Every structure is written in structure tokens, then in C-alpha cells.
Amino acid sequence: MSIPKYYDSALAYEKFYSAWEEAGCFTADPKADGEPYSIVIPPPNVTGSLHMGHALNNTLQDVLVRYKRMDGFNAVWVPGTDHAGIATQWIVEKQLRAEGKDRREMGREAFLKRVWEWKAESGGTIIHQLRRLGVSCDWSRERFTMDEGLSKAVREVFIRYYEDGIIYRAQRLINWDPFAQTALSNLEVENEEDFKTEIWSFAYPLSEPALCEDGVLRDEIVVATTRPETMLGDTAVAVHPEDPRYRALIGKTVRHPFVDREITIVADAELVDPEFGTGAVKITPAHDFNDFAVGKRHNLEMINILNNDGSLNEEGGPFAGLDRFDARTAVKEKLAELGLERGSKEHVMALPRSQRSGVPVEPMLSTQWFVRMEELAAPAIDAIETGRTKFVPKTWENTYYAWMRNIQDWCISRQLWWGHRIPAWFDTDGNVYVGRDEAEVRARHKLADDVELNQDEDVLDTWFSSALWAFSTFGWPEDTESLKKYYPTSVLITGFDIIFFWVARMMFSGLYFQDEVPFKDIYIHALVRDEHGQKMSKTKGNVVDPLTEIDKIGVDAFRFTLVALAAQGRDILWNDKRAEGYVKFQNKVWQAFKFIGMHIEDYDADAPKELGVYDKWILARLHTAVANIRQAMEEYRFNDVASELYAFVWHEFCDWYLELSKGTLYNSTNQTAQQGAKHTLLTVFNAVVRIMHPIMPFLSEELWERMPNTNGFVMMASYPKPGDFASNPESLEQVRFLQEVIVEVRRIRAEMELGNKVELTLRSADAAKLHGQEQGLKDLCTVTTLEVGGKEGVSSTFVVEGVTFFIPLEGVVDIEAEVTRLNKKIEQVEKSIGRLEGRLSNKKYVDNAPAKIVQETRDSLSAEKDTHAKLLKARGELEG
RNA sequence: GGGCGUAUAGCUCAGUUGGCUAGAGCAUCAGUCUUACAAACUGAGGGUCCUUGGUUCAAGUCCAAGUACGCCCACCA
């Protein structure tokens with residue numbers, strides 16, 4: 001058997017990914033046996049390209065799906081992409097601009113055709129990139145949020161919500177993006193902290209002067225604003241009802257300096273803080289959320305002063321047509337000219353910007369479609385409270401509750417073309433009809449043929465369709481086998497940044513339409529940052545590209561690194577050094593396999609065989625390792641899965657078992673023992689390969705293919721169970737003793753600066769305890785002679801579990817060095833004795849601590865005392 | 001303003017329900033070409049577990065307050 005010197009992960013990828021796919025390994029059959037295990041992918045934007053967040057997210061999903069699939073579950077992982085409304089529309093608009101075209105000139109239909117063309121050409125990028133991670137998605141189930149089936153689900157949901165009174169159309173104050181010229185939901189607005197601006201004051205002249213309670217005769221009222229242009233839409237000035245400065249003015253009016261309007265002074269205790277500023281607030285109900293509420297309370301006129309592009313409309317009077325920022329300057333200048341300016345102050349505020357376009361958002365009075373959230377939120381809150389769905393880590397439920405319990409209605413209409421067009425039609429009188437299509441609307445409402453109907457021009461928020469992802473991808477509204485088998489899904493793996501956008505909305509959608517939570521667990525992972533904890537960004541130039549990284553270190557090591565770093569409740573700092581370490585791990589596994597390959601050529605499965613103590617030991621250790629790894633996997637402790645695997649393979653199997661087995665493999669003449677060792681090598685390695693498969697799919701498949709007695713793909717093999725390997729306490733005890741002896745010998749060798757080749761003799765009255773371990777002692781610490789007996793001549797002494805050992809070193813080492821070494825050891829033991837005695841002399845400890853703990857303390861104390869005595873004796877003998 | 005998270009070796013991080021003489025990788029130092037692996041092996045050094053108080057026989061772990069950093073939500077014209 002010829003095994004390459006090093007593992008080539010790129011080669012393995014080429015060999016296996018398409019082979020798995022062609023063999024149907026990824027395909028799930030709802031009619032097949034097995035308890036269902038299902039995951040739906042967080043659909044990446046069709047415009048996206050793979051970044052570290054995707055890499056982490058999808059690696060974790062793949063680890064779980066592969067694990068469960070091997071473990072006998074009927075596992076499915078549904079992939080797909082999101083149509084990403086604004087983002088996609090923009091990419092195509094940009095292309096058009098480069099060609100000197102404009103979507104409005106093209107018309108809706110031609111534009112959409114163009115977007116679909118773009119999608120066909122470039123929309124699959126991220127899906128291809130995902131494959132390079134080795135993800136085992138069922139590609140036959142790939143969905144797109146705008147494909148026919150999902151669009152049908154969207155229409156169905158819209159109609160049912162509408163008929164149930166959940167969806168409504170109303171004029172409300174919404175966030176308007178003047179660049180994209182669309183409404184946004186609250187979530188799509190991001191505040192820029194610490195935005196430095198000015199707060200600018202001006203006076204409204206009173207229609208007639210009035211004497212106020214503080215004795216001042218007022219002829220004006222001063223207000224302040226960060227957006228002076230909005231004064232063109234002012235329809236009131238609010239003061240506090242108890243404010244003596246202004247109480248006499250309540251109900252009186254001021255004159256608007258630019259437009260022909262009298263503005264009422266109203267009293268509003270809710271809004272106005274008399275301590276802040278002048279204690280008088282200008283009210284622009286159509287362009288400010290607080291002012292809107294005041295407007296509602298006082299039944300004020302709401303005047304929209306803005307066009308969709310952010311310029312001023314005819315309500316702007318002399319400023320009509322100016323851009324909002326130019327209007328700001330102009331309004332200030334004009335007010336100054338009129339002598340109404342009353343100074344300005346620097347001001348720091350949070351500036352609301354559109355998440356997509358980045359421009360400052362304008363609150364605007366607008367008629368839009370909304371989802372009434374109150375009834376939807378209640379069951380979604382309850383599902384978490386009652387534990388039907390669990391957040392992991394649990395702490396994220398606080399975030400979820402905070403938002404859900406204080407939720408606002410969701411503005412779902414967008415003034416875009418790319419997206420799900422709202423299934424509503426208007427007649428020429430403005431009546432609205434909701435239905436699946438125009439024909440259905442006509443039939444249902446018995447509309448005469450000459451009634452003109454026009455479909456609503458707007459589309460739905462992208463997240464409206466993603467909210468249905470957990471069931472629409474399984475074929476809903478059809479009653480499919482898949483839906484029955486795989487819904488609710490087992491777990492959702494996602495980042496905290498979309499808990500509101502997506503997770504919460506899937507919760508209430510699933511509960512409303514399936515009467516059942518969409519997933520049993522929600523695993524929330526952290527952000528991947530750079531090694532200094534900085535967010536990765538192009539401008540900082542600290543972006544780690546997953547594909548580059550895969551080219552560099554191979555997909556297996558790349559995945560292993562992400563899994564090893566994925567500890568709960570902490571950001572993930574990508575670390576090249578750690579990644580390098582896991583490349584070495586990959587090599588370690590490969591080298592171990594080469595070693596095994598050398599020894600199993602003449603392995604005979606049917607030959608008589610006998611397991612030695614090392615064989616029993618490593619199988620017992622494997623028993624524990626498998627139990628721990630499974631446990632960690634079930635609890636989403638991914639980092640523990642990785643480190644347990646790493647430690648077992650490297651520090652138990654390679655460092656100890658392989659070294660200990662060499663004696664039998666190379667030197668033994670005992671055929672049954674040799675076959676026993678070969679059998680164990682294969683058994684353990686076979687299990688290791690299966691255990692590592694979910695994390696390192698290609699390495700494990702490559703090994704599996706080369707190993708004897710394996711069939712098919714490891715991907716479809718069974719995941720090891722602890723019970724497959726006997727737990728064997730005696731062997732654990734014996735090998736632990738041997739290990740301690742070996743470490744002590746090595747330590748003495750190092751401290752005494754003896755070379756590795758110097759052959760040593762080990763003497764002890766209890767040497768029989770190591771009987772049968774002579775070969776191991778020779779191979780692992782070059783002890784060539786084991787003698788029964790006490791100290792003879794100048795020796796180095798150590799004590800392991802009450803047994804004193806001597807290494808005769810006459811003429812090799814001086815007495816002084818050995819005394820120094822012993823003293824150090826004695827000091828350590830004395831410290832330990834002091835600690836233990838202190839504990840046991842504390843009556844409260846003895847009385848209160850569990851008996852088992854107390855007994856353990858007593859046992860270790862007597863062991864330490866025994867060791868202490870033996871070390872003292874050894875020192876005495878040396879000095880004497 | 002409200003909420004959440006993090007703080008452990010020089011660096012990056014583990015540390016389940018309190019029982020710990022606090023671990024790993026990298027880095028450092030010393031020694032090894034030992035027949036799977038120098039992408040390796042062997043050994044060593046390195047810590048006030050952020051601070052202060054509390055609960056407890058026992059605190060890295062639980063509680064309270066504080067400090068520092070990070071994040072989310074809401075925001076005063």
C-alpha cells in the first residue's frame with residue numbers, strides 16, 4: 001500500500017464532493033426511515049459572496065447535519081438564497097447607469113426581466129462558494145425566495161393575514177429613504193452615534209403680544225431644532241401646561257413667517273420638558289415621530305413638505321423645489337434676515353440613516369401596508385417562555401423578549417420593483433381588493449368587466465418572504481410529505497444580528513400558519529472578528545477571506561479551526577496561529593494513518609487475537625472520548641467537540657498508544673498479541689475517522705477510502721457510540737501508573753542532563769507492579785533493566801503512588817544535584833500536606849462537606865505523607 | 001436612559017451542576033534527526049483567575065457593588 005507523504009485536501013475535495021452528491025448522500029427522503037432532523041439554511045443574499053460569517057454559520061450546520069445523518073437520523077439541510085430586494089435592485093440599476101439607461105425609462109417589466117437575467121448569470125456565486133466548504137445541503141431542494149412555490153406562499157400569507165385583519169393599509173408616519181425612495185421598517189434604520197451638529201433657535205412672533213404669569217409681556221416664542229427646514233411643516237408649538245412663562249399663551253397663535261398659516265400653541269405635558277431649552281417645542285407632525293404623537297393628541301393638521309426624493313414640495317412655499325439640505329440653509333438665512341434667529345449651539349445626536357443607502361432617513365407621512373404585531377407577538381413570546389423553543393446560549397432570549405414585548409407594527413411595503421408584488425388591486429375609486437390574482441379578485445367581489453383594476457405598484461419587504469422560510473421551503477401551502485416530516489425543524493443556526501429581522505419573524509409566522517414553532521433550538525453564534533477583536537472591514541483591510549484561507553490551509557483544517565473557536569457567548573477571533581496548529585493536527589492524523597498502514601498489511605480479521613493491557617486501555621479511553629464528544633455535540637459545545645477530539649487523537653492515541661504498541665508490533669513473537677494490537681489500531685482509528693468526519697469531511701473520507709474493511713463513504717457510516725468500546729478500569733489504572741513512572745524517569749533524565757540514549761536501570765522493591773511493562777519502559781524512556789530491590793549506590797529516587805523507585809546513577813550524577821532535586825520535590829509535597837491537614841483540622845469542613853470529598857482528602861493526605869516519608873528517607877540515605 | 005456580554009499565563013482562549021495543586025495551543029527556555037510525523041519528540045519556566053465586599057466547610061465558578069472594554073435597544077426638541 002502506497003500512502004502519499006502528506007495529505008492533499010484540495011485533491012480530496014475534488015474527489016469526494018461531487019461523488020457524494022452524485023451518490024445521493026445529500027438527498028433526504030421524507031418517506032425513508034429515521035427520526036427527522038432538519039435544518040433550513042439562513043439564506044444568504046443572492047448578491048452576496050462568502051465571508052467568514054457565512055463560513056462559520058454553514059460549517060456549524062454541516063457539522064450537526066453530518067453528525068445526525070451518521071447517527072441514523074433522517075437528516076435534511078435545505079439550502080437557498082434570498083432575493084435581497086434593495087441590494088439586488090441596486091446592482092442592476094448600477095449596471096444600467098453604466099450603460100446610460102434608467103429603470104424608469106425601461107419600465108417595470110423590462111427592468112425585472114433584466115434582474116432575472118442578472119440573477120441567472122451571477123446570482124449563484126455564493127452557492128458555488130458554499131460548496132467549497134463541503135456543505136452537505138440537499139441541493140435538490142434549493143430554493144429562492146422569489147421562485148414560484150415561495151411566491152405562492154407569500155401571496156397566501158398576505159391574503160390570510162389580510163382577511164384576519166393582521167395586515168392593514170394606513171397612513172402613518174414611516175421612515176423614508178429619500179435616496180432609494182422607499183419606505184423602510186424601523187429595523188432598517190441605523191443610528192449614527194455621536195453625530196455632531198447644531199441646535200438652532202428661532203422665534204415665532206405671536207399673533208398678538210400677551211402678558212404672562214411670570215410678569216413678562218411676550219411677543220414671540222422661541223423654539224429650537226436640529227432640522228430648521230421642518231418648520232415649513234410646523235402646525236403647532238407645544239409648551240408645558242404648568243409652565244408660568246407660557247400658560248397664558250396656550251390656545252393663542254403665532255404667525256408663520258413664510259407660509260400663510262396661524263399656528264396654535266398647545267399644552268402637552270407628555271412631550272414637553274420645561275427644563276429643556278426654552279421649554280417650547282415646534283411641532284411638525286408629518287416629519288417627526290414625537291410630533292406625530294402630539295399631532296394625534298391635539299388633532300393637528302399634518303403637512304407633508306417633502307417630495308419622495310427629499311426635495312421640498314409646494315408646501316415649502318418660497319423654498320419649494322430645494323433639496324432638504326439646501327432648504328435648511330435657505331430657511332436659516334431667511335429667518336436671520338427677518339431678525340428671527342435666536343442663536344445656535346453645538347449638539348451631539350444620533351443621526352438615523354438608512355441601513356442600505358446610508359443617507360439620513362426622513363420621517364414621512366405616508367400610506368403603506370402594515371402587519372399588526374400585537375396578536376402575533378404574544379404566542380411567539382409564549383413559545384420561548386414555555387421552552388418549546390430554546391435559545392442557546394439562553395441569554396439571547398432577553399434580547400428577543402425586549403424587542404417582542406415592545407414591538408411596533410411592521411411596515412412591509414417597499415417602493416421598489418424587485419420583490420414580491422403586493423397582491424392588492426385598486427379600482428378607480430380607490431377601493432382595495434386583496435386576492436391571489438386579478439381574476440380571483442374580480443370573481444370574488446363580483447366586479448363588472450368594465451371596472452378598471454390596477455395592482456398595487458409596491459413590493460413587500462424582503463424579510464416578509466424570509467419569515468416563511470422554515471415552512472415555505474418544504475412546499476407550503478401544499479400539504480407535502482416533507483412539510484409533515486421535517487417541520488418543525490430541529491435547530492436554527494444563525495448570528496445575533498438577525499434575531500429581530502429574521503428569527504423573531506420566523507417564530508410568529510411559523511406559529512400563525514403551522515400552529516407550531518419553526519424550530520426546537522436556536523443556536524446563536526458570534527461574529528467572526530480579526531485576531532485583535534476588530535470587526536472585519538474592507539476599509540480596515542483586516543478581512544480574512546474564507547476561500548483564500550481554504551486555498552491556503554485546506555478546507556478540513558479551516559473547518560476545524562472555526563469549530564474549535566466556536567465557544568458559546570464570545571466573539572470568535574480568527575487566529576492564524578490556531579489555524580496553523582490545526583493544519584498540524586491534520587498532518588498528525590495523516591502520519592498516524594501511515595504508521596498504521598505499515599502494520600496492517602498482514603492483518604487478518606479472522607486470526608486468533610488477544611488484547612493486551614494497552615489495547616484495552618486505549619479502547620477504554622476511546623469509550624470516554626466518544627461519550628464526551630457526543631455530549632458536547634448535543635449541547636452545541638462545538639469547541640469542546642474539537643478539543644476533545646484533538647486531545648484524544650494526539651495526546652492519547654499518538655503520544656501513548658502508538659508508542660506503546662510498537663513493542664508488540666515490532667518485537668513481539670506472539671502472533672495473537674500482534675494481531676490483537678493490529679486489531680486495536682484499526683478499531684480505534686476507524687472510530688476516530690468516523691468521529692472526525694462531521695468536522696473534517698474530506699480528510700476522513702480520504703482515510704476511509706484507504707482503510708481496510710470499510711465500505712461506501714464514511715459520510716454514510718455510523719457514528720461511534722461509547723458502548724462500542726469496553727470501558728476497562730483495570731487497564732486504565734495500570735497504564736496510568738506506567739505513565740507516571742515514565743514521566744518521572746523522563747523528568748530525571750532531562751534534569752540530570754542525561755542524553756536520551758543513556759540506558760537506565762529501574763529498581764524497586766515493588767518492581768513487580770511493572771511486570772510485563774519492560775518493553776514499554778524501554779521504548780518510552782529507555783529503561784533497559786527492571787530490578788527488584790532497594791537502593792544501591794548513588795541513585796535518583798522518585799515515588800509514584802506509594803512505590804519508591806531508584807535509578808542507579810553511580811558516577812553519572814553528583815549527590816548534590818540529586819539532593820537539590822529531592823528538596824524541591826519534598827517542598828512541594830509538604831505544601832500539599834499542609835493544605836490537606838488544614839482542611840481536615842477544620843471541624844466544619846469535616847462535618848459539612850460530603851463524606852466522599854472528605855474521604856478523598858484523607859486518602860490523598862495519607863498518600864502524600866507516605867510519599868513524603870519515602871522522599872525523606874531517600875534524601876537521608878544520600879546524605880548519610 | 002434601558003438591557004446584554006466580556007475580563008483567567010507574554011498572546012489567543014478553555015474551565016458543565018461550587019470540591020482546583022487553575023488547563024490547552026502559540027510564544028519562551030533546555031534537550032533530542034528515537035525506524036508515522038522536524039508540519040515531530042521530550043522536559044521546564046510562566047498566573048493576586050479585573051477590584052472590593054458577601055454567601056459557604058469550600059469561590060475562577062454563586063451574590064452585590066465598582067472599574068475597563070464591547071454590543072443591542074430607545075432617545076429631548
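Every chain is numbered from 1, with letters handed out A, B, ... down the list of sequences. Note that the structure is predicted; figures quoted are calculated from it, not measured.
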Requested in this report: Compare the minimum distances between each of B:rU12, B:rC57, B:rA77 and the side chain of A:Asn848, then state the nucleotide with the smallest one.
Outcome: B:rC57

Query raised in the report: Base, sugar-phosphate, or nothing: which does A:Asn290 touch, judged by heavy atoms less than 4.0 Å apart?
Result: sugar-phosphate

**Report entry** Toward the 5' end of RNA chain B, by each residue's nearest nucleotide, A:Arg835 or A:Lys757
**Finding:** A:Arg835

Query raised in the report: Checking all strands, does A:Asn587 fall into the base, sugar-phosphate, or nothing category for heavy-atom contacts under 4.0 angstrom?
Result: base

Query raised in the report: Ignoring hydrogens and angles, does a donor from either the side chain of A:Lys588 or the base of B:rC37 sit under 3.5 Å from an acceptor on the other?
Result: yes

Query raised in the report: Donor-acceptor pair under 3.5 Å: do we get one between A:Glu659's side chain and the base of B:rA36?
Result: yes

Report task. Give one of base, sugar-phosphate or nothing for A:Ala224, where a contact means two heavy atoms less than 4.0 Å apart. Result -> sugar-phosphate

**Report entry** Integer-rounded Å distance: B:rA30 C1' and A:Arg749 CZ
**Finding:** 15 Å

Query raised in the report: Hey, does A:Arg746 reach any base, or is it just sugar-phosphate, or nothing, if we go heavy atoms under 4.0 Å?
Result: sugar-phosphate

Requested in this report: With heavy atoms under 4.0 Å as the rule, sort A:His347 into base, sugar-phosphate or nothing.
Outcome: sugar-phosphate

**Report entry** Gap in Å between the two P atoms, one belonging to B:rA27 and one to B:rC69, rounded
**Finding:** 32 Å

Query - Euclidean distance for P, B:rA64 against B:rC4 (whole angstrom) - result: 11 Å

Report task. May I ask you to verify if any side-chain N or O of A:Ser643 is less than 4.0 angstrom from the OP1 or OP2 atom of B:rA14? Result -> no

**Report entry** Length of the CZ-C1' vector between A:Arg839 and B:rC57, whole Å
**Finding:** 10 Å

Report task. Remember a base hit wins even if backbone is also touched, and classify A:Asp655 as base, sugar-phosphate or nothing at under 4.0 Å, heavy atoms. Result -> sugar-phosphate

**Report entry** From B:rC57, B:rC73, B:rC75, nucleotide with atom closest to A:Phe500 side chain
**Finding:** B:rC73

Query raised in the report: Counting just side-chain N and O atoms, does A:Trp650 come under 4.0 Å of either OP1 or OP2 of B:rC41?
Result: yes

Query raised in the report: Counting any heavy atom closer than 4.0 Å, what does A:Arg637 reach on the DNA or RNA strands: base, sugar-phosphate only, or nothing?
Result: base

**Report entry** Rounded distance in Å - CD (A:Gln586) to P (B:rA39)
**Finding:** 15 Å

Query raised in the report: Does the aromatic ring of A:Phe276 sit over the six-membered base ring of B:rC76, closer than 5.5 Å centre to centre and tilted less than 30°?
Result: yes

Query raised in the report: With both distances under 3.5 angstrom, what nucleotide forms a Watson-Crick or G-U wobble pair with B:rC20?
Result: none

**Report entry** Proximal nucleotide (of B:rA39, B:rA77, B:rA36) relative to the A:Lys282 side chain
**Finding:** B:rA77

Query - A:Leu573 side chain, from C-beta outward: closest of B:rU12, B:rC73, B:rC57 - result: B:rU12

**Report entry** Closest approach of A:Leu573 to A:Leu565 (non-hydrogen atoms, all atoms of both residues)
**Finding:** O-CD1, 3.7 Å

Report task. Write down the distance between NZ (A:Lys843) and P (B:rU56), rounded to a whole number of angstrom. Result -> 17 Å

Report task. Name the nucleic acid region contacted by A:Leu527, choosing base, sugar-phosphate or nothing; use a 4.0 angstrom heavy-atom cut-off, strictly under. Result -> nothing

**Report entry** Distance in angstrom units between A:Ile498 CD1 and B:rC71 P, rounded
**Finding:** 19 Å

Query - Check: A:Leu762 and A:Phe798 side chains under 4.5 Å, non-hydrogen atoms - result: yes

Query raised in the report: Closest to the A:Asp273 side chain: B:rC72, B:rC41, B:rC76?
Result: B:rC76

**Report entry** Residues A:Lys662, A:Asp779: salt bridge by 4.0 Å N-O rule
**Finding:** no

Query raised in the report: Once you round it to whole Å, what is the distance between P of B:rG15 and CD of A:Gln631?
Result: 15 Å

Query - Rounded distance in Å - CG (A:Leu645) to C1' (B:rA14) - result: 16 Å

Requested in this report: Quick one: label A:Ala567 by what it contacts on the DNA or RNA (base, sugar-phosphate, nothing), any heavy atom closer than 4.0 Å.
Outcome: sugar-phosphate

Query raised in the report: Would you say A:Asn756 reaches B:rG31's phosphate, i.e. side-chain N/O to OP1/OP2 under 4.0 Å?
Result: no

**Report entry** C1' gap between B:rU61 and B:rA7, integer Å
**Finding:** 14 Å

Report task. State whether A:Glu397 and A:Lys390 are salt-bridged, where the test is any N-O pair (Lys NZ or Arg NE/NH1/NH2 against Asp/Glu carboxylate O) under 4.0 Å. Result -> no

Requested in this report: For the residue pair A:Glu362 and A:Arg227, establish whether any side-chain heavy-atom pair is separated by less than 4.5 Å.
Outcome: yes

Requested in this report: Considering just the side-chain nitrogens and oxygens of A:His651, establish if one lies under 4.0 Å of OP1 or OP2 belonging to B:rG25.
Outcome: yes

**Report entry** Whether A:Phe202 and A:Trp200 hold their rings parallel, tilted or perpendicular, with breakpoints at 30° and 60°
**Finding:** tilted

Query raised in the report: Which is true for A:Thr399 with a 4.0 Å heavy-atom rule: it touches a base, it touches only sugar-phosphate, or it touches nothing?
Result: nothing

Query raised in the report: Cut-off 3.5 Å, side chains only: do A:Thr857 and A:Tyr845 have a donor facing an acceptor?
Result: yes

**Report entry** Rounded C1' spacing from B:rA38 to B:rU32 in Å
**Finding:** 11 Å

**Report entry** Selected nucleotide, minimal atom distance to A:Lys584 side chain, candidates B:rA77, B:rA40, B:rA36
**Finding:** B:rA40

Query - Under 5.5 Å and under 30°: A:Tyr6 stacked on B:rA39 - result: yes

Requested in this report: Determine the Euclidean distance between corresponding P atoms of B:rG25 and B:rG19; express it in Å to zero decimal places.
Outcome: 23 Å

Query - Nearest-angstrom distance, P atom, B:rC73 to B:rG47 - result: 42 Å

Requested in this report: Looking at every strand, decide which applies to A:Glu193 at a 4.0 Å heavy-atom threshold: base, sugar-phosphate, or nothing.
Outcome: base

Report task. Give a yes/no answer on whether the side chain of A:Lys577 brings an N or O atom under 4.0 Å of OP1 or OP2 in B:rC13. Result -> no

Query raised in the report: How would you label the contact of A:Trp200 with the nucleic acid (heavy atoms, under 4.0 Å): base, sugar-phosphate, or nothing?
Result: nothing

Query raised in the report: Does A:Arg505 count as lying over the ring of A:Trp410, i.e. NZ or CZ under 6.0 Å from the six-ring centre, within 45 degrees of the axis?
Result: yes

Requested in this report: Pick the C1' atom in B:rC50 and in B:rA9, then give their distance to the nearest Å.
Outcome: 15 Å

Requested in this report: Identify whether any heavy atom of A:Lys662 sits under 4.0 Å from a base atom; if not, whether one sits that close to sugar-phosphate; answer base, sugar-phosphate or nothing.
Outcome: base

Query raised in the report: When we call it a touch if two heavy atoms are under 4.0 Å apart, what does A:Cys781 touch: a base, just sugar-phosphate, or nothing?
Result: nothing

Requested in this report: With the side chain of A:Val743 defined as its heavy atoms from C-beta on, choose the nearest nucleotide among B:rC13, B:rG43, B:rA14.
Outcome: B:rG43

Query - Heavy-atom side-chain contact between A:Leu760 and A:Val745 under 4.5 Å - result: yes

Query - Earlier contact from the 5' end, RNA chain B, for A:His599 and A:Ala402 - result: A:Ala402

Query raised in the report: Expressed in whole Å, how much space separates the P atoms belonging to B:rG66 and B:rU28?
Result: 43 Å

Query - Residues A:Glu827 and A:Asn823: side-chain donor-acceptor under 3.5 angstrom - result: no

Requested in this report: Look at the side chain of A:Thr225 and decide which nucleotide, out of B:rC13, B:rC73, B:rA77, has an atom nearest to it.
Outcome: B:rA77

Query - A:Arg529 vs B:rC69: side-chain N/O to OP1/OP2 distance below 4.0 Å - result: no

Query raised in the report: Counting side-chain heavy atoms from CB outward, which of B:rC57, B:rC71, B:rG19 is closest to A:Asn842?
Result: B:rC57

Query raised in the report: Does a nitrogen or oxygen in the side chain of A:Arg747 sit under 4.0 Å from OP1 or OP2 of B:rA44?
Result: yes

